[in-house]
Amino acid sequence: MLEVRGGNPLGGTVQVRGAKNLVPKAMVASLLGETPSVLRGVPQIRDVEIVTGLLELHGVRVTPGVDGQQSDGELHLDPSDMAQGSIVDIDAHAGSSRIPILFCGPLLHSLGQAFIPDLGGCHIGDRPINFHLDVLRQFGAEVDKTSGGIMLTTRGRLQGTKVELPFPSVGATEQVLLTAVRAEGVTELRNAAIEPEIMDLIALLQKMGAIITVDTDRVVRIEGVDTLRGFIHRALPDRNETASWASAALATGGDIFVEGASQPELITFLNVFRRIGGEFEVEETGIRFRHPGGRLTSFALETDVHPGFMTDWQQPLVVAMTQAEGLSIIHETVYENRFGFTHALGEMGAQIQLYRECLGGTPCRFGRRNYQHSAVVSGPTELTGTRIDVPDLRGGFSHLIAALAARGTSQVHGIELINRGYENFLDKLLGLGAEVAA
Ligand code: EPU
């Protein structure tokens with residue numbers, strides 16, 4: 001439990017390192033190489049620990065940089081002794097992550113089989129894996145559901161194929177990339193996700209020897225090759241952590257310099273940040289975000305796949321929106337159930353109404369399906385401290401921001417979930433002047 005005394009602006013510097021939504025996938029890609037890989041900028045977060053454990057269960061040696069420079073987050077990944085891990089161990093280890101599903105392609109190529117335990121991840125909707133399994137079947141894998149997981153096998157080499165995703169899913173696009181690079185022949189993927197983390201994964205695979213073309217209109221073509229080598233790669237910075245700290249600055253009336261933040265992946269976020277009334281300066285080593293004083297302006301936004309407004313930015317920004325003058329509208333079009341975290345904000349004094357209708361310009365696939373996926377925030381409202389149970393990674397960080405913006409003291413339970421994606425967040429908060437005590 002974390003005791004948070006709110007009401008003070010956060011100020012100072014925090015550092016962001018490699019993106020949580022790229023680093024674990026890059027680590028999985030090391031399975032595809034015939035030689036060891038080196039990944040830099042790896043943050044110390046729970047998702048990295050889980051993937052490290054899973055790789056080790058498959059015989060991969062994962063060691064920090066030879067010179068022991070943990071500060072640079074260097075990891076060496078050596079797959080030369082790769083072997084099928086014990087199903088019981090994999091199952092026990094993977095519980096809280098969705099990354100195991102991305103082991104399928106690399107393991108099928110190298111070992112002819114893969115076991116994937118039932119998946120965890122944040123509780124922000126059903127989060128099915130049907131796209132992944134359909135894709136793997138199209139490559140020629142046999143998929144058998146067993147108690148506790150899924151067993152995949154292949155008789156011969158996986159075959160390149162034509163795939164069209166029903167939705168530009170990040171995970172399913174990664175599944176296709178990690179499988180197609182070593183499949184026989186050409187794979188054409190339509191309706192692919194093109195998030196910056198996907199582009200970074202493509203860059204890394206290209207370093208390994210893959211041949212991947214990204215065309216207009218979300219079409220990706222992959223020419224399968226026989227072998228790949230290891231990579232040396234620095235992960236792109238975490239744009240979602242950056243947006244979280246930016247929202248913290250706005251919600252608490254503070255001023256935060258995010259060292260390591262990179263502008264090009266945040267263009268859409270920065271536009272919204274500015275329209276709401278936040279100020280930012282892009283500097284050579286990072287981005288400074290601040291509340292300029294006075295009232296914030298209400299705003300309507302829709303989350304979307306890249307280059308739209310990223311769903312992971314929505315939750316922290318909603319906290320800042322409770323301090324904006326008038327009605328703000330948020331239409332969540334990526335996850336059907338990502339507003340659960342607003343109940344705690346309501347208890348703190350925020351006025352947030354949820355709707356089943358699509359309150360945005362574009363009707364989405366959740367309209368008329370009984371999902372409360374639109375929110376109207378009426379502000380500004382004073383927030384007061386309360387007892388909070390963290391629901392998921394981004395929702396949890398948003399609750400922390402709300403507690404820091406609120407008058408009085410909050411007791412935040414379940415903060416371990418936040419470790420999944422925010423490196424050293426307690427030290428960072430203390431460094432920004434937050435009054436928090438574990
Ligand atoms: N979907 C399906 N079937 C599938 C796969 C996805 O219906 O087989 C649906 C999902 O239910 C969801 C939508 O497609 O409604 C998008 O899901 P996507 O596959 O794009 O998400 P993901 O790969 O599971 C990653 C990030 C998420 C981020 C999303 C969207 C990682 C580890 N996770 O999830 O990050 O929100 O892409 O950009 O990369 C977070 O960081 O807090 C987080 C949840």
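By convention here, the first residue in the shown sequence is residue 1. For ligands, and for the atoms within them, numbers begin at 1 and follow the listed sequence.
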N-O pairing of R338 and E332 below 4.0 Å = no
Short version for K20: what comes under 4.0 Å of ligand 1, heavy atoms counted, is side chain
Test of proximity, I99 against ligand 1: N or O pairs below 3.5 Å | no
Below 3.5 angstrom, do we get any N/O pair linking M310 and ligand 1?
-> no
How about R190: does its CZ atom have over 12 heavy atoms from other parts shown lying under 6.0 Å from it?
-> no
Between R98 and ligand 1, find which residue part has any heavy-atom pair under 4.0 Å and reply side chain, backbone, both or neither.
-> side chain
Does the salt bridge (Lys or Arg N to Asp or Glu O under 4.0 Å) test come out yes or no for D72 and R234, once each step is laid out?
-> CA-CA 10 Å; D72 195 33; R234 176 170 295 280; 3.1 Å; yes
Residue V170 vicinity, atoms of ligand 1 by number, heavy atom under 4.0 Å = 18 (P), 19 (O), 20 (O), 23 (O), 37 (O), 38 (O)
For I129, atoms of ligand 1 separated by under 4.0 Å from a heavy atom | 8 (O)
So for H132 against ligand 1, with non-hydrogen atoms under 4.0 Å, the contacting part is both
Sub-4.0 Å heavy-atom approach of P128 to ligand 1 = yes
With backbone taken as N, CA, C and O and side chain as the heavy atoms from C-beta onward, which portion of H306 lies under 4.0 Å from ligand 1: side chain, backbone, both, or neither?
-> neither
Nearest neighbour of atom 43 (C) of ligand 1 from the list L102, D312, V23, on a heavy-atom basis | D312
Identify whether the distance between the nearest side-chain nitrogen and carboxylate oxygen of R221 and E223 falls below 4.0 Å.
-> no
Check ion pair R387-E347 (N to O, under 4.0 angstrom) = no
What's the verdict on salt bridge (Lys or Arg N to Asp or Glu O under 4.0 Å) for E142 and R155, showing C-alpha distance, side-chain angles and the deciding distance?
-> CA-CA 9 Å; E142 276 180 31; R155 298 231 171 92; 3.7 Å; yes
Yes or no on salt bridge (Lys or Arg N to Asp or Glu O under 4.0 Å) for R369 and E336, after CA distance, side-chain angles and deciding distance?
-> CA-CA 9 Å; R369 283 179 57 205; E336 70 273 25; over 6 Å; no
Got an N/O contact under 3.5 Å between E174 and ligand 1?
-> no
Is any N or O atom of V334, backbone or side chain, closer than 3.5 Å to an N or O atom of ligand 1?
-> yes
Quick check: does N21 get an N/O under 3.5 Å from an N/O on ligand 1?
-> yes
Under 3.5 Å, is there a donor-acceptor pair between the Q159 and E184 side chains?
-> yes
Indicate whether the side chain of R394 and that of Y422 have a donor and an acceptor atom separated by less than 3.5 Å.
-> yes
Answer yes or no: does atom CG of L430 have more than 12 heavy-atom neighbours from other residues, nucleotides or ligands under 6.0 Å?
-> yes
Those atoms of ligand 1 less than 4.0 Å from some heavy atom in G171 = 19 (O), 23 (O)
Are any of the N/O atoms in N240 less than 3.5 Å from those in ligand 1?
-> no
Looking at F167, which atoms of ligand 1 are within less than 4.0 Å of one of its heavy atoms?
-> 13 (C), 14 (O), 16 (C)
Ligand 1 atoms nearer than 4.0 angstrom to some heavy atom of L393 are 42 (O)
Which is closest to atom 3 (N) of ligand 1 by heavy-atom distance: L133, I101, N130?
-> N130
Atoms of ligand 1 close to T311 [distance to a heavy atom under 4.0 angstrom, numbered from 1] | 36 (O)
Option set F397, F131, W313, Y335, criterion heavy-atom distance to atom 29 (C) of ligand 1, minimum = Y335
On the ring face of F167, is R365 found with NZ or CZ under 6.0 Å from the centre and within 45° of the axis?
-> yes
Test item, R365 contacting ligand 1 (heavy atom, 4.0 angstrom) = yes
Candidates Q263, E197, E195 - the one meeting side chain to side chain donor-acceptor pair (under 3.5 Å) with R239 | E197
Could you tell me whether R338 approaches ligand 1 through its side chain, its backbone, both or neither, with non-hydrogen atoms closer than 4.0 Å?
-> side chain
D144, CG: over 12 other non-hydrogen atoms inside 6.0 angstrom = yes
